[in-house]
Amino acid sequence: MNPKLFIADFAFLLVFVLQGMETHDSGSSFLEILLPYAAAIVFIMPALYKIGFIQNDEKPEHVKSLRVWMATIIFGTIIRFIMNDSFAIMYLIVITGYSIITSGTARLIHKQVY
């Protein structure tokens, strides 16, 4: 997995959280919203490294790294739903679409440049 793409993905996640807080006048703190996604990163990334699905290198693994990031986003959303004891399908659709567009664009640009 390319560390530059991971940093870009994480930055997009931070922007998503901030935009959502502002748009929806969220009563939750930034950390409360970010926590499930940080937990997903802590659980998913090491597990995928351990089984060899991802590796920390500069090789172009655009599609694979997008799948890893999407798994992290979806797992984080599931954790968020469990923590809040509610399920909102539109939230899942929006964050999935947002992540595919932003992360996909970052990977397309990276592929063209490198």
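Nothing here was measured: the structure is a model prediction, and the numbers come from that model.
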Report task. Report the residues that fulfil side chain to side chain donor-acceptor pair (under 3.5 Å) with Thr102, sequence neighbours left out, ordered by chain and then residue number. Result -> none
Query raised in the report: Angle class for the Phe12/Tyr98 ring planes (parallel below 30°, perpendicular above 60°, tilted otherwise)?
Result: perpendicular
**Report entry** Ile44 to Ala71 - nearest heavy-atom pair and separation
**Finding:** CD1-O, 3.4 Å
Query raised in the report: Would you say Ile33 and Phe16 make side-chain contact, with heavy atoms under 4.5 Å?
Result: no
Requested in this report: Start with the C-alpha gap between Leu35 and Ile79, add the side-chain angles, then the distance that decides, and say whether side-chain contact (heavy atoms from CB on, under 4.5 Å) holds.
Outcome: CA-CA 9 Å; Leu35 180 65; Ile79 293 171; over 6 Å; no
Report task. Spell out, yes or no, whether Leu14 and Ile73 are grouped together once hydrophobic residues are joined by side-chain heavy atoms under 4.5 Å, including indirect joins. Result -> yes
Query raised in the report: Any side-chain heavy atom of Trp69 sitting closer than 4.5 Å to one from Leu13?
Result: yes
Query raised in the report: At what distance, to the nearest 0.5 angstrom, does CE of Met70 lie from OG of Ser99?
Result: 5.0 Å
Report task. Evaluate side-chain contact (heavy atoms from CB on, under 4.5 Å) for Ile78 paired with Phe87, printing each intermediate quantity in order. Result -> CA-CA 8 Å; Ile78 291 168; Phe87 179 77; over 6 Å; no
Query - Nearest heavy atoms of Gly76 and Pro36, plus distance in Å - result: O-CB, 3.2 Å
Report task. Looking only at non-hydrogen atoms, find the nearest pair between Ala106 and Leu5 and report the distance. Result -> O-CD2, 4.0 Å
Report task. Report yes if the side chains of Arg107 and Asp9 come closer than 4.5 Å at any heavy-atom pair, otherwise no. Result -> yes
What side-chain donor-acceptor pairs closer than 3.5 Å can you find for residues 88-97, not counting sequence neighbours?
| unit_1 | atom_1 | unit_2 | atom_2 | d |
| --- | --- | --- | --- | --- |
| Tyr91 | OH | Tyr37 | OH | 2.6 |
| Thr96 | OG1 | Leu92 | O | 2.7 |

Report task. Give a yes or no on this: more than 12 heavy atoms of other residues, nucleotides or ligands lie within 6.0 Å of atom CZ of Phe43. Result -> no
Query - Single-linkage hydrophobic cluster Val15~Ile101, side-chain heavy atoms < 4.5 angstrom - result: no
Query raised in the report: Tell me, do Phe10 and Thr72 make a side-chain contact under 4.5 Å, heavy atoms counted?
Result: no
**Report entry** Hydrophobic cluster membership, Val42 vs Val17, 4.5 Å side-chain cutoff
**Finding:** no
Query raised in the report: Rounded to the nearest 0.5 Å, how far does OG of Ser28 lie from CZ of Arg80?
Result: 6.5 Å
